[in-house]
4 protein chains.
Amino acid sequence: MAKPEKRDEIVRAALELIAEHGFHGAPMAMIADRAGVGAGTIYRYFENKDLLITELYREVEGRSFPAIMEGYVPEAPVRERFLHLSTALLRYFINNSLEFRFVEQFHNSPYGVEFRRERLLGKMEDRFVYRELFESGVAQGVVKDFPLPVLFALALGPILAVARDHILGFIALDDVLITRTIEACWDAVRR
Amino acid sequence: MAKPEKRDEIVRAALELIAEHGFHGAPMAMIADRAGVGAGTIYRYFENKDLLITELYREVEGRSFPAIMEGYVPEAPVRERFLHLSTALLRYFINNSLEFRFVEQFHNSPYGVEFRRERLLGKMEDRFVYRELFESGVAQGVVKDFPLPVLFALALGPILAVARDHILGFIALDDVLITRTIEACWDAVRR
Amino acid sequence: MAKPEKRDEIVRAALELIAEHGFHGAPMAMIADRAGVGAGTIYRYFENKDLLITELYREVEGRSFPAIMEGYVPEAPVRERFLHLSTALLRYFINNSLEFRFVEQFHNSPYGVEFRRERLLGKMEDRFVYRELFESGVAQGVVKDFPLPVLFALALGPILAVARDHILGFIALDDVLITRTIEACWDAVRR
Amino acid sequence: MAKPEKRDEIVRAALELIAEHGFHGAPMAMIADRAGVGAGTIYRYFENKDLLITELYREVEGRSFPAIMEGYVPEAPVRERFLHLSTALLRYFINNSLEFRFVEQFHNSPYGVEFRRERLLGKMEDRFVYRELFESGVAQGVVKDFPLPVLFALALGPILAVARDHILGFIALDDVLITRTIEACWDAVRR
DNA sequence: GATGAATGAGCGTTCATTCAT
DNA sequence: CATGAATGAACGCTCATTCAT
């Protein structure tokens with residue numbers, strides 16, 4: 001087994017275990033086991049558990065970006081672009097529930113606090129598109145004039161909530177419901 | 001120190017420590033210490049740590065109910081009632097950040113999963129008012145016809161998000177911003 | 001078993017194991033085992049392994065003092081006093097080989113370095129008597145005018161060496177040989 | 001890089017690291033690194049770490065021999081020869097502090113015990129000269145009639161002690177002090 | 001009823017050694 | 001021959017839980 005494959009196996013195993021059982025339920029030995037790797041091997045790729053988790057987070061965070069940018073038309077009207085991004089994001093969460101649950105775990109953990117600010121300021125890739133979108137929306141007078149974090153809350157808060165509920169089996173989001181939900185989010189941010 | 005006082009001290013200490021440092025940062029010995037109680041004493045009131053935490057959760061969950069019900073007029077129009085409840089809830093979170101942070105921690109933890117269903121079904125006190133409100137709103141045609149979890153997501157998702165951001169110091173919610181944010185949430189759910 | 005007894009058992013077990021097998025050969029679990037105590041119990045008495053070892057050292061270092069001071073006559077001539085102290089010290093080492101070997105291990109270890117200075121400056125109890133003795137000896141012109149560390153080296157270097165050899169079974173020190181050896185040490189320091 | 005050079009690099013690296021940081025601070029990987037060699041390569045030259053260290057010891061022990069023999073006159077009087085050897089040895093220790101510190105570490109470690117006997121019996125090169133010297137000294141009646149280990153202790157114990165103190169910076173040995181110290185050692189062994 | 005000393009399973013991490021390349 | 005990635009046993013340490021007092 002070549003080098004990058006082992007790293008990937010470790011990352012995948014950590015993602016799975018943390019998504020399924022939380023940070024408590026993912027000891028290094030268990031991650032190693034699930035990755036088909038010796039316990040010490042993890043430390044060849046990651047200095048310690050904290051760094052494994054934060055690197056995993058960065059990796060996972062980046063993965064949604066291409067998904068939401070596919071078919072994105074920067075010249076389209078703000079509303080269209082909002083609907084596109086948000087629909088794609090919700091779909092991505094639903095179709096990648098491991099990633100979604102890991103990220104949720106991460107955000108509500110000691111690790112996540114330091115990452116919050118950069119997310120709020122729209123410094124991460126996917127947030128950055130949203131940021132630009134909101135800023136031009138506000139400038140054009142089609143989006144309510146709120147501080148960025150409030151707009152993020154209005155747009156993404158419900159998306160995260162319904163994604164969570166869907167993944168846990170409390171609702172079944174189909175195409176129609178997704179579309180309507182995203183449109184309701186638009187109602188929240190639009191002027 | 002009489003019996004119920006000890007129990008209360010333990011609960012208070014656990015709330016504080018978990019809110020401030022997360023579940024990791026709140027060993028039983030530390031909780032006992034902060035409560036001014038012997039380590040073994042906790043086990044006279046709570047069978048084990050899990051039960052301490054879930055009981056603490058139930059208690060904390062119930063506390064917001066009186067706060068949001070104060071001045072609530074069941075006969076008022078749906079919109080008015082929604083604005084009242086949501087504003088009161090957001091204010092409660094902001095003014096009781098320990099409780100808020102604990103509940104957030106709880107929801108994103110192995111403990112929280114089993115509690116989600118009853119929340120989603122509006123079985124907890126405060127959710128129950130919301131549930132009735134949404135149901136009558138839908139019946140009257142003033143609220144979008146969504147499954148309950150989606151309405152909860154649209155209404156409460158942003159509230160939780162802005163409360164979090166406020167408590168962490170990323171935004172400063174004043175009366176005006178609170179009102180406008182809640183009105184935006186109404187835009188999301190109203191027809 | 002009452003509290004101080006457990007602490008003493010731990011200290012004794014650590015002393016034995018380190019004396020017999022060196023620092024490598026004395027894992028915490030083994031110390032706990034030999035002390036008849038749970039592994040975690042050690043940490044109720046000592047914050048960590050380093051502190052267990054340095055506290056053990058301080059304790060052991062102090063033990064030789066009463067032994068060498070017994071029958072010490074501060075008014076006696078320098079030579080007499082030197083012979084008394086050194087003989088008593090060598091006897092103490094021989095009769096307490098665990099302590100001796102532990103201290104030897106300690107001095108030649110990362111732990112020991114910081115303690116060396118205070119020993120050299122005669123700041124420890126037993127060294128302090130020697131220091132006074134040498135200083136008055138130099139003042140009276142009966143001891144060679146050397147820096148203190150050199151006098152310590154001349155007096156104690158051979159004592160440590162023969163104690164080591166005796167304990168390891170390479171020589172058999174009897175009363176006559178002890179006396180003659182100490183007198184030879186006096187020859188080294190006397191004018 | 002040819003074979004013997006690699007071996008030398010490994011030996012040098014091990015010497016440096018152990019002298020500087022002790023046995024704890026010299027993992028095989030670090031030795032390999034410092035030697036500019038792969039970790040596995042060490043095992044082509046040394047069966048395991050213990051053997052690397054003991055071989056290193058034998059090598060280092062031998063190095064002082066030429067230094068002390070330079071200018072040694074076997075026909076000179078015992079006193080002269082003693083002063084020559086001991087002065088040269090002390091100087092060697094001071095000028096080769098890495099070797100000195102390694103050897104000290106070694107002696108006070110599980111490794112060192114088995115080597116003590118042959119040293120005490122004067123079976124190693126440099127000890128052998130001393131042994132002969134002492135034996136002829138005793139025969140001539142100019143050296144005290146002690147068992148060999150006691151004579152070694154009286155002569156070398158102080159030398160090791162002052163070398164240690166000098167290297168650690170607690171005293172500054174200059175030519176005068178060296179000479180006087182060695183003469184004091186002679187006082188200890190001479191009749 | 002209350003205590004807190006004692007416990008030991010389980011954690012994250014290190015490192016001497018092996019072996020496929 | 002040389003490599004260095006991989007290994008896993010063993011380490012120091014934590015903490016939920018128990019139980020003698």
Side-chain angles (χ1 to χ4, degrees), chain A residues 1-7 10 23-33 35-52, chain B residues 1-3 6 23-33 36-53, chain C residues 1-7 10 23-33 35-52, chain D residues 1-3 6 23-33 36-53:
Chain A
M1 196 181 270
K3 198 178 157 184
E5 295 175 24
K6 272 206 155 51
R7 208 201 101 106
I10 293 165
F23 290 105
H24 278 112
M28 292 299 259
M30 198 183 285
I31 293 173
D33 228 54
V37 144
T41 304
I42 298 181
Y43 292 86
R44 298 203 57 74
Y45 297 95
F46 305 95
E47 217 172 298
N48 53 45
K49 194 179 184 181
D50 278 25
L51 285 173
L52 163 59
Chain B
M1 197 182 266
K3 199 176 156 186
K6 270 197 166 33
F23 290 106
H24 279 112
M28 292 298 258
M30 198 182 285
I31 293 172
D33 226 54
V37 144
T41 305
I42 298 182
Y43 290 85
R44 304 204 66 75
Y45 296 95
F46 305 94
E47 212 172 306
N48 55 45
K49 194 178 185 181
D50 279 24
L51 285 173
L52 162 61
I53 286 170
Chain C
M1 193 183 269
K3 199 176 155 188
E5 295 174 24
K6 273 207 153 55
R7 208 202 101 106
I10 293 165
F23 290 106
H24 278 112
M28 292 300 258
M30 198 183 284
I31 293 172
D33 229 53
V37 143
T41 304
I42 298 182
Y43 293 87
R44 298 202 58 75
Y45 296 96
F46 305 95
E47 217 172 299
N48 54 47
K49 194 178 184 181
D50 278 25
L51 284 173
L52 162 60
Chain D
M1 197 184 271
K3 199 175 156 185
K6 271 196 167 29
F23 290 106
H24 278 112
M28 292 299 259
M30 197 183 286
I31 293 172
D33 225 54
V37 144
T41 305
I42 298 182
Y43 291 85
R44 304 204 66 74
Y45 296 95
F46 304 94
E47 211 172 306
N48 55 44
K49 195 177 184 181
D50 280 24
L51 284 173
L52 162 60
I53 287 170

Legend entry - Spacing of Y43(D) atom OH relative to dA16(E) atom P, expressed in whole Å: 6 Å
Legend entry - Nearest-angstrom distance from the residue atom CG of D33(D) to C1' of dA5(F): 14 Å
Legend entry - Pairwise 5' ranking along DNA chain F for K49(B) and M30(C), keeping only the more 5' one: M30(C)
Legend entry - Rounded distance [0.5 Å steps], CD1 in I42(A) versus CE in M28(A): 4.5 Å
Legend entry - Of the listed nucleotides dA2(F), dT17(F), dT3(E), the one nearest the side chain of K6(D): dA2(F)
Inset, instruction - Hey, which sits more toward the 5' end of DNA chain E by its nearest nucleotide, G38(C) or H24(D)? - result: G38(C)
Legend entry - Comparing F23(C) and A39(B) on DNA chain F - which has the more 5′ nearest nucleotide: F23(C)
Inset, instruction - Under a 3.5 Å limit for both distances, which nucleotide forms a Watson-Crick or G-U wobble pair with dC11(E), could you say? - result: dG12(F)
Inset, instruction - Specify the closest pair of heavy atoms between A26(A) and I31(A), including all atoms of both residues, with the distance to one decimal. - result: O-CD1, 3.6 Å
Inset, instruction - Taking all non-hydrogen atoms of both residues into account, name the closest pair between N48(A) and Y43(A) and its distance. - result: CA-CE2, 4.0 Å
Legend entry - Spacing between E5(C) atom CD and dA6(E) atom P, to the nearest angstrom: 10 Å
Inset, instruction - Name the closest nucleotide to the P27(A) side chain, picking from dA6(E), dG12(E), dT18(E). - result: dG12(E)
Legend entry - Protein-nucleotide distance (F46(D), atom CZ; dA16(E), atom C1'), rounded to Å: 15 Å
Inset, instruction - Apply the test side-chain contact (heavy atoms from CB on, under 4.5 Å) to residues I53(B) and D50(B): give CA-CA distance (whole Å), side-chain angles for both, the deciding distance (0.1 Å), then the verdict. - result: CA-CA 5 Å; I53(B) 286 170; D50(B) 279 24; 5.6 Å; no
Legend entry - Nucleotide paired to dT21(F) in any strand shown, Watson-Crick or G-U, under 3.5 Å: dA2(E)
Inset, instruction - Round to a whole Å and report the spacing from CD1 of I42(D) to P of dC1(F). - result: 17 Å
Legend entry - Separation of R44(D) CZ from T41(D) OG1 (nearest 0.5 Å): 8.0 Å
Inset, instruction - Describe the nucleic acid contact of M28(C) in one word from base, sugar-phosphate, nothing, applying a heavy-atom distance below 4.0 Å. - result: sugar-phosphate
Inset, instruction - Would you please confirm or rule out a distance under 4.0 Å between OP1 or OP2 of dC1(F) and any side-chain N or O of Y45(D)? - result: no
Inset, instruction - State which of dC15(E), dA2(F), dG1(E) makes the closest approach to the side chain of R44(B). - result: dG1(E)
Legend entry - Atom-pair distance (CD1 on I31(B); P on dG4(E)), nearest Å: 16 Å
Inset, instruction - Starting from C1' on dT13(E), measure out to CG on L52(A) and report it in whole angstrom. - result: 13 Å
Legend entry - d(CG, N48(C); C1', dC11(F)) in whole Å: 14 Å
